[in-house]
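Right, one structure below, let's go through it.
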Amino acid sequence: MDIGAGTGLFPMNHRDRMRQSGQEWPLHLTLVDMNTLCLQKAADRIGCPSKTTCVQADVFEPFTVPVAQRTLTTSPKFDSISLIYLLHCLPPPCHRKATVFAHLKNHLTPEGTLFGATVLGSGAHHNLLGRLTIRFYNWKGIFGNKDDSPDVFVKALENEFEEVETHIVGVVLLFRARKPRLA
Ligand SMILES: C[S@@+](CC[C@H](N)C(=O)[O-])C[C@H]1O[C@@H](n2cnc3c(N)ncnc32)[C@H](O)[C@@H]1O
């Protein structure tokens with residue numbers, strides 16, 4: 001399940017890599033976005049309509065994937081959930097964004113992985129161009145990450161998952177979490 005699918009860039013790249021290595025691409029892919037145009041664009045770009053389900057939802061709210069759309073699997077849970085470059089687009093405060101992990105973990109299988117990347121606002125060293133871009137994007141409302149700190153995201157992930165791995169690469173926090181804690 002890819003949350004904040006945008007134009008479907010990462011699933012499309014993944015599909016191409018899988019195909020090049022002769023592997024079958026996945027059993028099923030669910031795209032989640034609040035914007036229906038993004039869902040349509042991403043699904044078209046990925047080009048596997050029989051394996052793709054689109055769900056319009058606001059990630060701040062718990063959502064369900066309709067049962068009828070969970071084709072090819074008897075499991076209502078997902079092996080893998082990605083949140084790539086979504087969190088920095090959400091409106092502040094940072095601690096509210098971190099609440100999305102709590103309801104997304106309910107969509108994960110016990111062996112599943114939630115992973116993602118987000119551009120940090122604080123706790124990372126932006127160069128001059130980066131600082132100006134962040135300031136401008138936050139002022140325009142394109143990003144809402146001025147005060148996004150790795151500590152808040154890491155703590156929230158650790159509250160919800162038993163295994164958490166994070167890395168800061170440049171100004172981006174990469175995260176991977178496994179073994180959702182029982183509510
Ligand atoms: C910067 S794009 C990331 C796209 C894609 N993951 C990528 O990395 O190329 C952020 C996406 O998140 C979606 N989005 C923003 N706020 C959202 C929300 N509250 N709930 C669900 N999707 C949201 C936007 O519509 C947009 O498609």
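In listed order, ligands and their atoms are each counted from 1.
- By the criterion of a heavy-atom distance under 4.0 Å, the side chain of Leu90, and not its backbone, is placed next to ligand 1.
- The shortest non-hydrogen separation linking Leu31 to Ala42 is CD1-CB, 3.8 Å.
- Closest to atom 22 (N) of ligand 1, if we only count protein heavy atoms, is Met34 N, 3.3 Å.
- Within ligand 1, the atoms closer than 4.0 Å to a non-hydrogen atom of Gly6 are 4 (C), 27 (O), numbered from 1 in the order shown.
- The closest donor-acceptor contact from the side chain of Asp58 to the backbone of Met34 lies at 3.5 Å or more, if one exists at all.
- Less than 6.0 angstrom separates the ring centroid of Phe175 from the ring centroid of Phe101.
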Donor-acceptor pairs are to be reported for all side-chain atoms of residues 151-160 against protein atoms at under 3.5 Å, with residues two or more places apart or in another chain.
| residue | atom | partner | partner atom | Å |
| --- | --- | --- | --- | --- |
| Glu160 | OE1 | Lys105 | NZ | 2.8 |

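- In terms of protein heavy atoms, atom 2 (S) of ligand 1 is closest to Tyr85 O, 3.9 Å.
- With ligand atoms numbered from 1 in the order given, ligand 1 contributes 25 (O) to contacts under 4.0 Å with heavy atoms of Asn35.
- Of the N and O atoms on the side chains of Asp44 and Gln40, at least one donor lies less than 3.5 Å from an acceptor on the other residue.
- Contact between Ser82 and ligand 1 is absent, with no heavy atom of the residue lying under 4.0 Å from the ligand.
- Taking a cut-off of under 4.0 Å to the non-hydrogen atoms of Asp58, the atoms of ligand 1 that pass are 18 (C), 19 (N), 20 (N).
- Within ligand 1, the atoms closer than 4.0 Å to a non-hydrogen atom of Val59 are 18 (C), 19 (N), 20 (N), 21 (C), numbered from 1 in the order shown.
- At a 3.5 angstrom cut-off on N or O pairs, Gly4 counts as close to ligand 1.
- Between Asp33 and ligand 1, a contact under 3.5 Å exists for at least one N or O pair.
- Under a 4.0 Å criterion applied to the non-hydrogen atoms of Ala57, ligand 1 contributes the atoms 20 (N), 21 (C).
- Close contacts of ligand 1 with Ala5, meaning ligand atoms under 4.0 Å from a residue heavy atom, involve 4 (C), 5 (C).
- The protein heavy-atom contact nearest to atom 8 (O) of ligand 1 is Phe10 CE1, 3.2 Å.
- In this model, no donor atom of one side chain and acceptor atom of the other lie less than 3.5 Å apart for Arg176 and Thr113.
- Judged purely by atom type and a 3.5 angstrom limit, Asn138 uses its side chain to pair as donor or acceptor with the backbone of Asn145.
- Residue Ile84 has at least one nitrogen or oxygen atom sitting less than 3.5 Å from a nitrogen or oxygen atom of ligand 1, judged on distance alone.
- Under the salt bridge (Lys or Arg N to Asp or Glu O under 4.0 Å) test applied with Lys179, the options Glu111, Glu163, Glu162 reduce to a single match, Glu163.
- Residue pairs meeting the salt bridge (charged side-chain N to carboxylate O under 4.0 Å, His left out) criterion with at least one partner in residues 90-104, sequence neighbours excluded, are Lys97-Asp148.
- Not a single donor-acceptor pair under 3.5 Å links the side chain of His88 to the backbone N or O of Val172.
- For ligand 1, the polar-atom distance check finds no N/O of Cys89 at less than 3.5 Å from any of the ligand's N/O atoms.
- Here the heavy atom of the protein found nearest to atom 15 (C) of ligand 1 is Leu86 CD1, 3.9 Å.
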